[in-house]
Amino acid sequence: MRIEQLIYIIEINQTGSISLAAEKLHVSQPNISQAIVSLEEELGVKLFVRSRTGATPTEDGKLIISKAIEIMNKVEELRETAGFQFNQLSGSLSIASVPSLCLSVLPPTLAVFKDKHTDVDLIMMELNYPQIIQEVLSGQVDLGLIAVARNYQSPNTQLISEHLMDCRIMAYVGKKSPLAHRKSITIEELLQEPLLISSDYLMNIFKKHGEPNILFKLGNSEAAKRIIAEGIAIGFYTETGMRYDPYLETGSIVAIEVTGVDFGVSFRTLRLKSRHLSLPCKEFTKELKTIIAAM
């Protein structure tokens with residue numbers, strides 16, 4: 001049994017295809033096929049059922065693949081531990097995050113992390129929740145940072161989610177709005193106003209209380225905040241996401257608490273269960289939690 005054989009069966013299981021696994025691993029398809037046949041003969045079990053549509057693991061194959069994942073995770077830990085003892089932390093780390101964290105806690109976290117670990121190659125992407133799920137599941141990113149309901153349950157057994165912090169969502173109005181002097185507003189009152197909503201999560205909350213008057217559907221953009229500042233519509237953002245926002249700091253828009261409803265989100269990490277938690281990922285998550293705790 002060889003390490004590369006374990007890598008092959010893990011990749012075939014993830015891609016569902018020997019040809020796709022060969023392409024991703026930059027190995028010829030005949031070489032992978034022969035390696036799998038040799039491993040099946042050595043173990044005395046059939047690992048995959050092959051067909052025109054791809055390769056599906058057998059019940060024995062699923063057990064072997066789960067053990068192979070455990071072994072490869074341990075191998076990677078050994079390599080990283082050895083390297084970390086004698087060298088500066090290195091490698092790569094790819095992160096996909098919702099916009100609100102990109103505008104608040106991520107910049108200082110990235111600055112501290114890069115200052116400590118200059119040899120780590122960082123890739124940062126700003127995506128929405130469905131895109132982050134897809135990127136994590138496909139293995140394209142190491143770590144996802146999401147904003148979800150407080151009672152969130154991971155939608156896929158292949159994913160692991162860890163809580164970072166809870167945060168209120170506030171209503172934001174222009175400084176000349178008749179509502180600008182208010183400290184709080186009910187969701188029933190908001191239903192009477194023109195709204196700017198960008199997420200299905202918020203839409204579902206409003207629809208439990210009535211039919212919202214949606215004037216625009218815009219994301220976390222300068223155009224959206226300009227519309228709020230002009231008093232055209234009311235927008236909604238997390239307190240964390242608006243912490244350093246120039247519109248709020250200059251008083252162009254004003255935050256109002258929404259009462260009578262659980263109007264908040266949880267920020268969480270998201271990663272692939274079968275993927276080894278690398279040292280760069282561990283160190284970055286630690287720095288992120290430190291920044292959050294200091295807020």
Side-chain angles (χ1 to χ4, degrees), residues 1-87 89-96 120-121 123 131-144 153-162 268-285:
M1 186 183 301
R2 303 187 306 277
I3 290 292
E4 60 263 30
Q5 289 174 308
L6 302 184
I7 295 173
Y8 294 164
I9 64 173
I10 292 170
E11 196 61 46
I12 292 170
N13 180 60
Q14 187 167 337
T15 61
S17 165
I18 293 176
S19 60
L20 288 177
E23 182 180 341
K24 191 170 181 180
L25 294 171
H26 305 291
V27 181
S28 70
Q29 185 172 336
N31 281 350
I32 283 191
S33 295
Q34 183 55 50
I36 300 306
V37 170
S38 297
L39 183 59
E40 288 177 329
E41 291 176 351
E42 180 180 351
L43 296 175
V45 296
K46 191 172 183 63
L47 298 175
F48 295 97
V49 176
R50 300 159 178 81
S51 68
R52 291 183 179 180
T53 58
T56 305
T58 62
E59 290 304 312
D60 288 329
K62 290 177 183 178
L63 293 174
I64 299 298
I65 291 165
S66 67
K67 291 298 181 183
I69 291 171
E70 292 178 17
I71 292 169
M72 290 310 304
N73 283 342
K74 292 298 182 183
V75 169
E76 191 61 32
E77 285 180 19
L78 285 172
R79 288 173 176 166
E80 287 185 344
T81 301
F84 192 55
Q85 293 299 320
F86 301 102
N87 304 290
L89 189 64
S90 61
S92 63
L93 176 63
S94 53
I95 303 164
V120 176
D121 294 325
I123 300 172
Q131 291 170 327
I132 292 172
I133 292 286
Q134 184 57 43
E135 291 296 305
V136 174
L137 280 172
S138 67
Q140 296 302 307
V141 300
D142 301 301
L143 187 69
Q153 297 292 326
S154 178
N156 193 301
T157 56
Q158 299 179 61
L159 299 173
I160 295 176
S161 179
E162 182 183 1
R268 305 182 68 93
T269 63
L270 200 65
R271 64 182 180 87
L272 201 57
K273 187 183 296 184
S274 62
R275 189 165 186 162
H276 166 63
L277 183 59
S278 67
L279 280 177
C281 194
K282 288 179 183 177
E283 290 298 306
F284 179 85
T285 304

- Just do the side chain to side chain donor-acceptor pair (under 3.5 Å) check on S17 and T15 with the steps written out, would you? CA-CA 5 Å; S17 165; T15 61; 5.3 Å; no

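- To the nearest 0.5 Å, atom CD1 of residue I9 and atom CD1 of residue I36 are 6.5 Å apart.
- Judged by distance alone, the side chain of S161 and the main-chain N or O of L270 form no donor-acceptor pair under 3.5 Å.
- The closest side-chain heavy-atom distance from M1 to L39 is below 4.5 Å.
- In this structure a side-chain-to-backbone donor-acceptor pair under 3.5 Å is present from K273 to T157.
- Within the 4.5 Å cutoff, the side chain of V120 has no heavy atoms near those of the F284 side chain.
- A donor-acceptor pair is defined here as one N or O able to donate and one able to accept, closer than 3.5 Å; such a pair exists between the side chain of R50 and the backbone of F48.
- The shortest side-chain heavy-atom distance between I18 and S33 falls under the 4.5 Å cut-off.
- Side-chain N or O atoms of T58 include one that pairs as donor or acceptor with a backbone N or O of K46 at under 3.5 Å.
- Here the closest non-hydrogen pair linking A21 and I12 is CB-CG1, 3.7 Å.
- Looking only at side-chain heavy atoms (C-beta outward), L20 and K24 stay at 4.5 Å or farther from each other.
- Of the inter-residue distances, the one linking I132 atom CD1 with L143 atom CG reads 9.5 Å to the nearest 0.5 angstrom.
- Between I10 atom CD1 and L25 atom CG the span is 10.0 Å, to the nearest 0.5 Å.
- Put simply, OG1 on T56 and NZ on K62 are 9.0 Å apart, with the number rounded to the nearest 0.5 Å.
- Contact record, I32 with A22: CD1-CA, 3.4 Å, taken as the closest heavy-atom pair.
- To the nearest 0.5 Å, the span separating CD on E4 from CD on E11 amounts to 14.5 Å.
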- Walk me through it: do M72 and I3 pass the test side-chain contact (heavy atoms from CB on, under 4.5 Å)? CA-CA 8 Å; M72 290 310 304; I3 290 292; 3.8 Å; yes

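- Under a 3.5 Å cut-off, the side chain of Q5 and the backbone N or O of A35 do form a donor-acceptor pair.
- Contact detail for Q140 and S138: the closest heavy-atom pair is CG-OG, 3.0 Å.
- T53 and S51 are linked by a side-chain donor-acceptor pair at a separation below 3.5 angstrom, with hydrogens and angles left out of the test.
- Within the 4.5 Å cutoff, the side chain of L137 has heavy atoms near those of the L272 side chain.
- How far CD1 of I65 is from CG of L47: 6.5 Å, rounded to the nearest 0.5 Å.
- In terms of heavy-atom proximity, L93 sits nearest to D142 at CA-OD2, 3.4 Å.
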